[in-house]
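Down below is the structure, laid out as C-alpha cells.
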Amino acid sequence: MVNLLTIVTLSRGKCGLSTCTTRYLLTMTLADLLVLITEVILYRICYYYFPGSFLDITPVCIVLAVLIHATTDWSVWFTITFTFDRFVAICCQKLKRKYCTEQTSTVVLAVTCILFFFKNIPFYFIFEPVQIIDNAPWGCDAKLIYYTEPWWVAFDWFVTVSAPLLPFALILFLNALTVRHIFVASRARKRLRGQNKGENRSDPEMESRRRSVILLFTLSGSFILLWLMYVMEFLYYHITGTDPGDYNVSEYIFIKVAYILLILSCCSNTFIYVVTQSKFREQFKSAVKYSLTSIIQLLKNIKLREAKRQDSSVSCT
C-alpha cells in the first residue's frame with residue numbers, strides 16, 4: 001500500500017524533483033513493489049500458509065522463480081542507473097545536457113529492464129518437478145547438473161556477480177567520485193563568492209546539489225547496508241565451501257536475517273523519500289489523506305445504499 005502511494009505521489013510530479021530524477025525513482029519504487037509481490041506475497045506467504053496451491057505446480061513455480069530473480073535484478077540495477085544519473089548530473093556538466101534527459105532516462109530504464117529479464121531466462125531450465133501427482137508435475141527442485149556442470153557453475157557466479165557484487169563496487173566507486181567532485185567544487189565556489197572571508201550568503205546551486213546528494217547517498221547507503229549480510233554469506237559460502245544444508249544454528253540464522261534485510265531493502269525507499277525530501281512529505285501526506293477520505297466516503301455510500309435497500313424492502317412488505 002505504501003509503495004502504491006509512493007508511485008502515485010511521484011507520478012504527480014510535484015515533489016520538487018526533475019523529471020529525469022522522478023522517472024528513476026518511480027521505476028525503482030515499481031521494481032521494489034514487484035519484488036514484494038513475487039518474493040513475499042506469491043512465494044513466502046503462499047509457501048508457508050497456502051501449501052499445495054496452484055503456485056506449486058511446476059510450470060507456475062518455474063515462472064515465479066524467473067520473475068523473482070528478474071524483479072530483484074531490476075530493483076538493484078535501477079538503483080545503479082539512478083546513482084550514475086546523479087553522478088553525471090553533479091560531476092559531468094558537459095555530458096549532463098545530453099544524458100540527463102527524459103528520452104535518455106526512458107531508454108536506459110527500458111534497456112536495463114529488457115536485459116535483466118533475458119539474463120534470468122536460463123533459470124527456466126534449471127528446475128525439475130519434485131514429484132508427479134495424477135500426471136501433474138508439482139514443486140521445483142534444482143537439477144543436479146546445476147551444481148556440477150561448468151556452464152551452470154559459471155552462470156551461478158555470473159548471477160551473483162551481477163547482483164550484488166558488481167553493484168556494490170559501482171555504487172562505492174561512483175559515490176567516491178561524486179564526493180570528491182563536490183568537495184573540490186564547494187571549495188572553489190566559496191572562494192569565488194567570498195565566503196572564505198567570513199561572508200555568509202546563500203548559494204542556491206549548492207543547496208540544490210546538497211539535497212540531491214543527501215537523497216543519493218541515503219538511497220545507495222541503505223542499499224549497501226541492507227545487502228551487506230547477503231554478500232558476506234555469499235563470500236563465506238564460496239570461501240569455506242560449506243554446504244548451506246549443513247549450516248549450524250548460528251549460520252542458519254545469519255542467512256535468514258540476510259534474506260530478511262534483502263527484502264527490507266525493497267521497502268525502505270519510501271521511508272528515505274519521507275526523511276530527505278520535504279516536498280515529497282507534503283505530497284505523500286495529501287495522497288494519504290485523499291486515500292483515507294475516499295475510503296471513508298466509499299464506506300458511507302455502501303452503508304447508505306444498504307439503508308435504502310432495507311427501507312424499500314420494509315415499504316414493500
Side-chain angles (χ1 to χ4, degrees), residues 1-41 67-68 70-90 96 98-117 163 167 170-171 174-175 178 208-209 211-223 226-227 262-291 294:
M1 183 64 181
V2 175
N3 284 52
L4 287 175
L5 288 175
T6 302
I7 292 173
V8 172
T9 303
L10 291 172
S11 299
R12 298 175 66 184
K14 299 180 180 180
C15 298
L17 301 171
S18 66
T19 305
C20 186
T21 300
T22 301
R23 187 159 296 179
Y24 281 108
L25 296 178
L26 190 61
T27 52
M28 288 167 59
T29 307
L30 181 59
D32 292 344
L33 178 61
L34 291 176
V35 172
L36 294 176
I37 292 174
T38 56
E39 174 73 21
V40 178
I41 297 177
L67 290 177
I68 288 174
T71 53
T72 303
D73 279 341
W74 292 339
S75 178
V76 171
W77 281 92
F78 287 158
T79 304
I80 302 300
T81 57
F82 170 72
T83 304
F84 183 75
D85 176 80
R86 292 299 86 199
F87 165 75
V88 172
I90 295 172
K96 175 183 176 180
K98 296 181 179 180
Y99 185 82
C100 298
T101 62
E102 295 183 41
Q103 183 178 4
T104 302
S105 62
T106 301
V107 173
V108 169
L109 292 170
V111 170
T112 303
C113 183
I114 294 171
L115 282 179
F116 283 95
F117 177 79
L170 288 175
I171 286 180
L174 292 173
N175 284 349
T178 304
S208 175
R209 187 173 295 180
R211 290 194 298 267
S212 180
V213 167
I214 290 175
L215 178 60
L216 169 64
F217 285 1
T218 308
L219 284 172
S220 57
S222 171
F223 170 81
L226 294 175
W227 278 78
L262 186 153
I263 295 173
L264 183 62
S265 67
C266 299
C267 312
S268 61
N269 285 342
T270 301
F271 175 77
I272 292 172
Y273 302 152
V274 170
V275 171
T276 59
Q277 302 293 312
S278 59
K279 290 187 177 180
F280 178 85
R281 289 197 297 270
E282 296 174 1
Q283 294 298 319
F284 189 78
K285 287 179 182 178
S286 64
V288 172
K289 290 179 181 179
Y290 177 77
S291 300
S294 301

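All residue numbers refer to positions in the sequence shown, counting from 1.
- Taking CG of Leu67 as the reference point, atom CD1 of Ile37 lies at 11.0 Å (rounded to 0.5 Å).
- Side-chain atoms of Arg23 come within 3.5 Å of backbone atoms of Glu102 as a donor-acceptor pair (strictly under, hydrogens ignored).
- Interatomic distance, CG of Leu26 versus OG1 of Thr21, reported as 12.0 Å (0.5 Å rounding).
- The OH atom of Tyr24 sits 10.0 Å away from the OG atom of Ser18 when rounded to the nearest 0.5 Å.
- Rounding to the nearest 0.5 Å places CD1 of Ile171 at 10.5 Å from CZ of Phe82.
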Requested in this report: Step by step, work out the side chain to side chain contact (heavy atoms under 4.5 Å, CB included) result for Phe87 and Leu170.
Outcome: CA-CA 11 Å; Phe87 165 75; Leu170 288 175; over 6 Å; no

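- When all heavy atoms of Ser105 and Cys20 are compared, the closest pair comes out as CB-SG, 3.9 Å.
- Listed by chain and residue number, Tyr99 satisfy the ring pair (Phe, Tyr, Trp, His ring centres under 6.0 Å) test with Phe84 (two or more places apart in sequence, or in another chain).
- We find the CG-OG1 distance between Leu30 and Thr71 to be 10.5 Å, quoted to the nearest 0.5 Å.
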_As a quick check of understanding, evaluate side chain to side chain contact (heavy atoms under 4.5 Å, CB included) for Glu39 and Ile263, giving each step before the final call._
CA-CA 8 Å; Glu39 174 73 21; Ile263 295 173; 3.7 Å; yes

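- The side-chain heavy atoms of Trp227 and Pro167, taken from C-beta on, include no pair separated by under 4.5 Å.
- One N or O on the side chain of Thr29 and one on the backbone of Leu25 form a donor-acceptor pair closer than 3.5 Å.
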**Report entry** Intermediate values then yes/no, side chain to side chain contact (heavy atoms under 4.5 Å, CB included), Phe117 and Asp73
**Finding:** CA-CA 8 Å; Phe117 177 79; Asp73 279 341; over 6 Å; no

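- Remark: the backbone N or O of Ile68 is paired with a side-chain donor or acceptor of Thr72 at under 3.5 angstrom.
- The aromatic rings of Trp74 and Phe78 lie parallel to each other, with less than 30° between the two planes, well short of the 60° mark.
- The side-chain contact (heavy atoms from CB on, under 4.5 Å) with Val111 is formed by just one residue from the set Leu115, Ile114, Leu109, Val108; it is Leu115.
- The backbone N or O of Met28 sits nowhere less than 3.5 Å from a side-chain atom of Thr79 that would complete a donor-acceptor pair.
- One distance of note links CD1 of Ile90 with CG of Asp85; it measures 9.5 Å at 0.5 Å rounding.
- Taking each heavy atom of Leu10 and Thr22 in turn, the nearest pair found is O-CG2, 3.3 Å.
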| request: Go through the steps for Leu36 and Ile41 under the test side chain to side chain contact (heavy atoms under 4.5 Å, CB included), then give the verdict. | output: CA-CA 6 Å; Leu36 294 176; Ile41 297 177; 5.7 Å; no

